[in-house]
Each structure stands twice: as structure tokens, then as C-alpha cells.
Novice: 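Submitted below is the structure of interest, expressed as C-alpha cells.
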Amino acid sequence: KVIGGLANTAILPVLGAENPWNYRNKTQMPLGYEKGKVILGCYAQGTHKIIDTVDCPIQQEGNNELVNACREVISRLNIPIYNEDKHIGILRHIVGRVGRNGELMLVLVTTDTELRNEKQLVNLLRKRLPKLVSVHQNIQTYHNSVVMGRETRLLWGKPVIMARLGSFNFTVSPRSFFQINTAQAEVLYKTALDFAQL
């Protein structure tokens, strides 16, 4: 067997996750309209058709709560949703992160620096989500499928949330990379350390 140009490579057993559900500490979902109602969810396979997602079984519960609160508040405040075919509207995506102790970060990805009813939006979300500690706006002006742009501004709360892997603490910002499956990342790093025999 040749893998990566190396012959006779031993393949060790896969270390599967103990629980394959509710593991994702980050969500990013596009918004749209369906029959005049705001929808927020996942793209159908191979398309840009949004499937309204109320309870994603692989997301941590905090992210599901965040998504549902956003759908409700955005609808209530009538914030214009971006239409990728016509390039009109403001709100493109929401990005949510769950940190240590269930703290929530929300990033509202918009086409413009102006966000209608910004203060009211933040206040209503804070009332709905007691664990919300950080709200940002990211501006993505390009007509492409890249989720986040280069400019991010803090609307309310902490600039970062805290996450933990093993005995290490990390600060997580809106655009930073952090392993999606925290528990499995700990397994990965522990395995690497075991192999290193330090």
C-alpha cells in the first residue's frame, strides 16, 4: 500500500469520537427568504438553496439556541437579508461560537458597515440569550461565496471568548481558527504527544 508516496505504510485504527452528536463549537449559516419568511440554515447538497435549520444535531446546543434567536429577532426587526443573485440586502450570514462554560459569540456578516436597528438587535438577542457575551459585525462586500470579510467591529461585549483544550486556555476571536470538535481535538493532541514519547 502506498500512502503519500510512502510504501508499506501501517494504518492504525481510527480513534472515533465517543459521541458523534452536538460536538461543533462553531456554526456559520446563510440567511434567506422562503415565502416571505426569514430562513437561516444549511445549503442543500450541491446547491445554494437554504434549508431552514431549527435543530442541527451536530451543533452544540448553544449554537442552535443562537440560530433560533437570530431568526426570530431578525424577522421581528425586518433587517434586509442579502440576495446573492441580485446583490441587494444587508445580512449575509451569522457565525456563532460556543466557548468555555457555554459562553456565546455572535458575528453578523453584512454587505455594508451600516446595520439597521443595530442597538435594538443586540439588546433583543441579549435578552433571549443569557450566555451571549460577545457580538460582532463582519463586513463582507465581495460578490462571492466567502463567508467573512477582512473588517470586523465589536458591537457589544467581550472582543474574544475563552476556550480550553486539555490544560491550555485559548482566546478565540471572530476570525480565528479553532478546532471545531473540542473533545476530539484533545484526543488528537494527546495521541500525537503519546507518539512523540517526550
Side-chain angles (χ1 to χ4, degrees), residues 1-30 40-46 51 53-70 92-109 129-138 140 142 144-154 156-198:
K1 218 174 229 187
V2 178
I3 297 176
L6 302 172
N8 302 318
T9 305
I11 301 174
L12 299 176
V14 171
L15 299 174
E18 278 185 37
N19 179 12
W21 306 109
N22 302 111
Y23 65 86
R24 285 186 65 95
N25 58 40
K26 179 183 179 187
T27 186
Q28 51 187 46
M29 293 190 172
L40 181 56
C42 305
Y43 288 124
Q45 185 176 355
I51 305 298
T53 308
V54 174
D55 183 19
C56 179
I58 62 172
Q59 288 292 343
Q60 288 187 19
E61 192 49 42
N63 277 333
N64 283 324
E65 291 169 6
L66 185 80
V67 166
N68 292 324
C70 283
R92 295 175 75 129
H93 286 82
I94 67 128
V95 177
R97 289 183 182 264
V98 181
R100 193 177 61 200
N101 303 322
E103 285 188 338
L104 297 175
M105 172 186 282
L106 169 64
V107 184
L108 301 155
V109 182
L129 300 162
K131 292 195 172 184
L132 184 65
V133 297
S134 179
V135 182
H136 298 258
Q137 178 186 11
N138 176 271
Q140 208 303 43
Y142 296 106
N144 59 28
S145 58
V146 175
V147 174
M148 294 180 87
R150 294 185 183 140
E151 182 187 347
T152 303
R153 66 186 188 105
L154 179 66
W156 171 83
K158 301 177 184 179
V160 296
I161 56 173
M162 299 303 295
R164 188 172 181 84
L165 279 178
S167 60
F168 295 97
N169 290 311
F170 296 86
T171 55
V172 180
S173 65
R175 295 181 58 220
S176 65
F177 171 80
F178 192 73
Q179 292 286 353
I180 295 291
N181 187 333
T182 309
Q184 201 63 0
E186 289 180 347
V187 172
L188 172 69
Y189 297 142
K190 182 186 179 311
T191 304
L193 287 169
D194 291 346
F195 274 99
Q197 297 182 338
L198 299 175

Novice: Work out which heavy atom in His136 is nearest to a heavy atom in Met105; give both atom names and the distance.
Specialist: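 Minimum heavy-atom separation between His136 and Met105: NE2-CE, 3.9 Å.
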Novice: Should Glu61 and Asn64 count as side-chain neighbours, where that means a heavy-atom distance under 4.5 Å?
Specialist: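 Contact flag for Glu61/Asn64 side chains = yes.
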Novice: Kindly indicate whether the side chain of Val2, heavy atoms from C-beta on, has any atom under 4.5 Å from the side chain of Thr9.
Specialist: no
Novice: What closest approach, in Å, do Tyr142 and Arg150 show between heavy atoms, and which atom pair accounts for it?
Specialist: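 Heavy atoms of Tyr142 and Arg150 come nearest at OH-NH1, 4.2 Å.
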Novice: Is the number of heavy atoms from other residues, nucleotides or ligands within 6.0 Å of CG (Asn8) greater than 12?
Specialist: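 Atom CG in Asn8 is not crowded, with 12 or fewer foreign heavy atoms closer than 6.0 Å.
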Novice: Determine yes or no for a side-chain-to-main-chain donor-acceptor pair under 3.5 angstrom, with Arg164 supplying the side chain and Gly166 the backbone.
Specialist: yes
Novice: Any idea which heavy atoms bring Val135 and Leu132 closest together, and the distance?
Specialist: CG2-CD2, 3.7 Å
Novice: Do Thr53 and Val67 make a side-chain contact, defined as non-hydrogen atoms from C-beta onward lying under 4.5 Å apart?
Specialist: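 Answer no - side chains too far apart.
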Novice: Taking 4.0 angstrom as the limit, do Glu103 and Lys158 come out as a salt bridge?
Specialist: yes
Novice: If I compare all heavy atoms of Asn22 with all of Gln59, which pair ends up nearest, and what's the gap?
Specialist: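 Heavy atoms only, the tightest pair is ND2-O, 2.9 Å.
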Novice: So which heavy atom on Cys70 is nearest to which on Leu40, and how close?
Specialist: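 In terms of heavy atoms, the two residues are closest at CB-CD2, 4.1 Å.
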Novice: Can you tell me how far apart CG (Asn181) and CZ (Phe178) are? Round to the nearest 0.5 Å.
Specialist: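 It is 10.5 Å, given to the nearest 0.5 Å.
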